[in-house]
Amino acid sequence: MTHAAALAEALAAWLDRQAAAEERLTSFAFREGQGDIAVPPPSSHGALRRWIVELVSTADVAAFLALVAGPGRTMAQLAADGAFGLEPGDRVAVAARVGVLAAAGLVARELETDRVALTALGTAALGLAAVPGDAR
């Protein structure tokens, strides 16, 4: 599977999960039995894809995602090592950045183990970002 195909597949799956989560949240917050929230149209996929690839192409984000690939790292390790070039020990700043990447679907943070790991979408985006711009 090409990097572009892997990203498209992972992005579609993530958007499906996000749409389902939005439906559950909206139904809970407003009224029972509200209609389904439609998955964003293909133009939304394209815009989100471009944003994710641009984000992952930045040096500090790419380095961070590579750091949490595989088994991942604990927040304590990430904070101690000064992830993202932050001051070592700045857990709050690291947590804020991890939160943004988690909201984008690129990483997952397991609360029980406090471990941050790359998701399928993060893996695909990191792979695609490594491909020269013309080949994406």
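Contact of the T123 side chain with the L65 side chain is not registered, since no non-hydrogen atoms from C-beta on lie closer than 4.5 Å. No side-chain heavy atom of I52 sits under 4.5 Å from any side-chain heavy atom of L128. Residues L7 and V53 meet the side-chain proximity criterion, which asks for heavy atoms closer than 4.5 Å.
Screening residues 73-100 for ring pair (Phe, Tyr, Trp, His ring centres under 6.0 Å) gives F64-F84 as the qualifying pairs, with residues at least two apart or on separate chains. Within the structure, the salt bridge (Lys or Arg N to Asp or Glu O under 4.0 Å) test picks out no pair touching residues 124-133 (sequence neighbours left out). Judged as a salt bridge (Lys or Arg N to Asp or Glu O under 4.0 Å), the pairs with a partner in residues 63-78 (not counting sequence neighbours) are, in order, R73-D81.
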Step by step, work out the side chain to side chain donor-acceptor pair (under 3.5 Å) result for T113 and E110.
-> CA-CA 6 Å; T113 62; E110 300 170 7; 2.9 Å; yes
Pair L67-V116, side chain to side chain contact (heavy atoms under 4.5 Å, CB included): steps then yes or no | CA-CA 10 Å; L67 184 66; V116 177; over 6 Å; no
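Residues passing the side chain to side chain donor-acceptor pair (under 3.5 Å) test with E9, sequence neighbours excluded: none. Scored by the salt bridge (Lys or Arg N to Asp or Glu O under 4.0 Å) test, R91 finds D114 as partners (sequence neighbours excluded). Residues satisfying the side-chain contact (heavy atoms from CB on, under 4.5 Å) criterion with A95, sequence neighbours excluded, are M75, R109.
Note: R115 CZ to L78 CG = 9.0 Å, rounded to the nearest 0.5 Å. Distance CZ/R97 to CG/D90: 9.5 Å, rounded to 0.5 Å.
Formation of a donor-acceptor pair under 3.5 Å by the T119 side chain with backbone atoms of G105 is found in this model. Between the side chain of Q77 and the main chain of T74, a donor-acceptor pair closer than 3.5 Å is present.
Taking both residues in full, the closest heavy atoms of A80 and P88 are given as O-CB, 3.4 Å, listed atom of the first, atom of the second, then distance. Between V56 and L126 the shortest heavy-atom distance is CG1-CA, 3.6 Å. When every heavy atom of L86 is checked against every heavy atom of A93, the shortest pair comes out as CD1-CB, 3.6 Å.
Considering V100, V98, V68, L121 in turn, L121 is the only one that fulfils the side chain to side chain contact (heavy atoms under 4.5 Å, CB included) rule with L106.
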